J.: 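Quick one: the structure is below, questions incoming.
Any value given below was found using the heavy atoms of this structure, including those in side chains, with hydrogens, waters and symmetry copies removed. Because the structure is predicted, anything quoted here is derived from the model rather than measured.
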Amino acid sequence: MKGLYFQQNSTNEEITFVFQERENLPVTEENYVKLQVKACALSHINTKLLAEMKMEKEFFPVGREIAGIVLDGILPLDSEDPGLCEAVRVHEHYLVHKPEKVSWTEAAGTVRDGVRAYTALHYLSPLSAGKAVLIMDGASMLGTIAIQLALHRGAKVISTASSLEDKQHLERLRPPIARVVDVSHGNARVAESCLEETGGLGVDIVLDAGVRLYSEDDEPAGKSQLLPHKHDILTLLGVGGHWVTTEENLQLDPPDCHCLFLKGATVAFLNEDVWNLSNVQQGKYLCILKDVMEKLSAGVFRPRLEEPIPLHEAKVSMEVVQKNQGRKKQVVRF
């Protein structure tokens with residue numbers, strides 16, 4: 001039985017993906033189940049987080065968002081079994097039932113971004129009806145699910161699009177988005193658009209997709225110029241607002257902190273793996289997984305998925321995913 005693993009070269013941090021033969025699963029222990037994998041979604045691997053948590057291995061399993069028989073869910077961060085395999089052994093506390101109306105591909109392709117959206121817009125910020133929410137890069141996998149969750153809760157949503165295709169995708173969403181800001185040419189004034197849409201009050205919640213910390217001349221190579229500057233976020237954030245950031249190295253200078261102080265605003269960091277790093281709030285985590293599946297079954301969530309691929313194509317697809325080159329969720333179907 002083969003499984004997909006990644007190997008990191010310690011000299012240049014280059015990642016390679018390899019298939020390896022796995023031994024038969026050990027005898028199932030108490031509270032563990034054997035799961036026949038039907039679908040596994042591919043997501044970027046945060047190698048920095050693994051290094052900080054001292055979880056580095058010569059070969060690390062690939063694929064954590066799985067759907068199968070008997071159950072479906074997310075493998076914990078320290079799982080020794082790759083999701084890209086015919087069968088895995090997993091603790092029952094990391095699984096929830098899949099509704100009959102939900103396909104294997106949809107379940108695997110939605111569960112991770114559903115957890116991220118719920119973490120950002122429920123536990124890190126108080127999303128409710130009538131609030132103005134800015135979701136950056138709304139046509140991304142996370143952005144699409146977050147927009148649908150915000151619209152379902154009755155929020156007023158503003159989003160950004162980096163291409164004509166992304167803009168058309170966002171304009172087709174129902175209920176409709178209040179405004180789509182085109183940033184494809186890098187000259188859009190996101191802050192001004194948000195203030196105009198909210199009558200100068202600013203937005204209540206911001207979920208970014210990364211931010212620029214420096215001027216265009218000082219920004220490190222590889223940082224997209226389409227991302228908003230951190231000062232733009234501070235400008236468009238309303239009084240008592242909540243900024244949820246995916247920028248793990250966010251640097252705020254004293255004037256930035258003073259601006260947040262004057263607005264009574266907060267900054268929170270989105271790390272969806274925090275649920276797996278500690279089991280103190282396991283009940284809340286399972287509630288998120290269950291609600292994600294229920295909303296998927298009800299049609300609230302409509303994820304952006306690529307056509308499913310067979311297992312033998314997973315290595316090449318994972319290389320593309322690791323480079324953050326995909327716009328839609330890639331799922332391997334068994």
J.: Give a yes or no answer on whether the side chain of K131 reaches the backbone of P126 with a donor-acceptor pair at less than 3.5 Å.
T.: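 Side chain of K131 to backbone of P126: a pair is present.
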J.: Going only through I, L, V, M, F, W and Y residues with side-chain contacts under 4.5 Å, is there a path from M141 to I177?
T.: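 Unlinked, M141 and I177 end up in two clusters.
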J.: Are K328 and E306 within salt-bridge range, i.e. N to O under 4.0 Å?
T.: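 Salt bridge between K328 and E306, a charged N being under 4.0 Å from a carboxylate O: no.
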J.: Looking only at atom types and distance, does a side-chain atom of T245 sit under 3.5 Å from a main-chain N or O of E247, one as donor and one as acceptor?
T.: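 Checking the backbone N and O of E247 against the side chain of T245, a donor-acceptor pair under 3.5 Å is found.
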J.: Show your reasoning for whether side-chain contact (heavy atoms from CB on, under 4.5 Å) applies to I158 and L134.
T.: CA-CA 5 Å; I158 305 169; L134 170 64; 4.0 Å; yes
J.: So, do V133 and V203 sit near enough that their side-chain heavy atoms are less than 4.5 Å apart?
T.: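 No, every pair of side-chain atoms sits at 4.5 Å or beyond.
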J.: If you apply the rule side-chain hydrogen bond (donor to acceptor under 3.5 Å, both in side chains), what do you find for S43 with K329, and how did you get there?
T.: CA-CA 8 Å; S43 293; K329 178 70 75 172; 2.8 Å; yes
J.: Can the ring centres of Y118 and W275 be said to be less than 6.0 Å apart?
T.: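 Y118 vs W275: aromatic centres not under 6.0 Å.
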J.: Give, for atom OG of S159 and atom NZ of K167, the distance between the pair rounded to the nearest 0.5 Å.
T.: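 Answer rounded to 0.5 Å: 12.0 Å.
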J.: V111 and I45: same hydrophobic cluster, using ILVMFWY side-chain contacts below 4.5 Å?
T.: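 Same hydrophobic cluster.
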J.: Does the salt bridge (Lys or Arg N to Asp or Glu O under 4.0 Å) test come out yes or no for K156 and E197, once each step is laid out?
T.: CA-CA 10 Å; K156 179 180 183 179; E197 190 65 37; 3.4 Å; yes
J.: What's the verdict on side-chain contact (heavy atoms from CB on, under 4.5 Å) for F269 and E248, showing C-alpha distance, side-chain angles and the deciding distance?
T.: CA-CA 7 Å; F269 292 86; E248 59 185 43; 5.8 Å; no
J.: Any chance you could lay out the side-chain contact (heavy atoms from CB on, under 4.5 Å) test for L95 and L35, step after step, and finish with the verdict?
T.: CA-CA 10 Å; L95 304 173; L35 188 145; 4.2 Å; yes
J.: Does the pair R304 and D113 meet the rule for a salt bridge (Lys or Arg N to Asp or Glu O under 4.0 Å), with working shown?
T.: CA-CA 11 Å; R304 297 193 75 187; D113 293 308; over 6 Å; no
J.: Can you name the side chain to side chain contact (heavy atoms under 4.5 Å, CB included) partners of A298, sequence neighbours left out?
T.: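 Only V300 meet the side chain to side chain contact (heavy atoms under 4.5 Å, CB included) criterion with A298.
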J.: Which residue is it: D256, I233, L252? I am looking for the one with a side chain to side chain contact (heavy atoms under 4.5 Å, CB included) to V267.
T.: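 Going through D256, I233, L252 one by one, the side chain to side chain contact (heavy atoms under 4.5 Å, CB included) with V267 is satisfied by L252 alone.
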J.: May I ask you to decide if G299's main-chain N or O and R302's side chain share a donor-acceptor pair within less than 3.5 Å?
T.: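 The answer is yes, because a donor-acceptor pair under 3.5 Å joins these two groups.
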J.: Please report the C-alpha distance between D137 and T160 in whole Å, then the side-chain angles of each, then the deciding distance to 0.1 Å, and finally whether the side-chain hydrogen bond (donor to acceptor under 3.5 Å, both in side chains) criterion is met.
T.: CA-CA 5 Å; D137 195 13; T160 62; 5.6 Å; no
J.: Pair K230, D208 - check salt bridge (Lys or Arg N to Asp or Glu O under 4.0 Å), show working.
T.: CA-CA 10 Å; K230 62 180 179 179; D208 70 35; over 6 Å; no
J.: Could you tell me whether H44 atom NE2 has more than 12 heavy atoms of other residues or ligands within 6.0 Å of it?
T.: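 More than 12 heavy atoms, drawn from other residues, nucleotides or ligands, come within 6.0 Å of this atom.
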J.: Decide if atom CD of E165 counts as having more than 12 heavy atoms of other residues, nucleotides or ligands within a radius under 6.0 Å.
T.: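 No, CD of E165 has 12 or fewer neighbouring heavy atoms, counting only those of other groups under 6.0 Å.
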J.: Between K263 and L237 (side chain of the first, backbone of the second, donor and acceptor by atom type, cut-off under 3.5 Å), is there such a pair?
T.: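 Yes, because the side chain of K263 sits within donor-acceptor range (under 3.5 Å) of the backbone of L237.
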J.: Using only atom types and a distance under 3.5 Å, with no angle test, would you say the side chain of N271 pairs donor to acceptor with the backbone of D273?
T.: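 At least one qualifying donor-acceptor pair exists.
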J.: Roughly how far apart are L151 CG and R174 CZ, rounded to 0.5 Å?
T.: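 The CZ atom of R174 is 10.5 Å from CG of L151, to the nearest 0.5 Å.
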J.: Short question: side chain of T119, backbone of V115 - any donor-acceptor pair under 3.5 Å?
T.: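 It does hold such a pair.
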J.: Going only through I, L, V, M, F, W and Y residues with side-chain contacts under 4.5 Å, is there a path from I205 to L173?
T.: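 I205 clusters together with L173.
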J.: Membership question, hydrophobic clusters at under 4.5 Å side-chain separation (ILVMFWY): are V206 and V183 in the same one?
T.: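 Yes, same cluster.
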J.: Measure up the H231 and H229 rings against each other and bin them: parallel (under 30°), tilted (30 to 60°), perpendicular (over 60°).
T.: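 Aromatic pair H231/H229 classed tilted.
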J.: Please round to the nearest 0.5 Å and tell me the distance separating atom CE of M293 and atom NZ of K101.
T.: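 If we round to the nearest 0.5 Å, M293:CE and K101:NZ are 14.0 Å apart.
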J.: Look at atom CZ of R179 and say whether more than 12 heavy atoms of other residues, nucleotides or ligands are closer to it than 6.0 Å.
T.: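 Yes, CZ of R179 has more than 12 neighbouring heavy atoms, counting only those of other groups under 6.0 Å.
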J.: Please round to the nearest 0.5 Å and tell me the distance separating atom CD1 of I309 and atom CE of M318.
T.: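 Here the rounded value is 10.5 Å.
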J.: Same cluster or not: F301 versus L305, using hydrophobic residues (I, L, V, M, F, W, Y) connected whenever any side-chain heavy atoms lie under 4.5 Å apart?
T.: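 No, F301 and L305 fall in different hydrophobic clusters.
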J.: Measure from the side-chain N and O atoms of R212 to the backbone N and O of L227, and report whether any donor-acceptor pair falls under 3.5 Å.
T.: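 Answer holds: yes.
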J.: Hey, could you give me the CZ/CD1 distance between R112 and I66, rounded to the nearest 0.5 Å?
T.: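 Spacing of CZ (R112) from CD1 (I66) equals 14.0 Å.
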J.: Identify which one of T144, L296, T105 satisfies the side chain to side chain contact (heavy atoms under 4.5 Å, CB included) criterion when paired with P303.
T.: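 Exactly one option meets the side chain to side chain contact (heavy atoms under 4.5 Å, CB included) with P303, and it is L296.
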J.: What's the separation between atom CG in L42 and atom CD in E319, rounded to the nearest 0.5 Å?
T.: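 Separation between the atoms: 11.5 Å.
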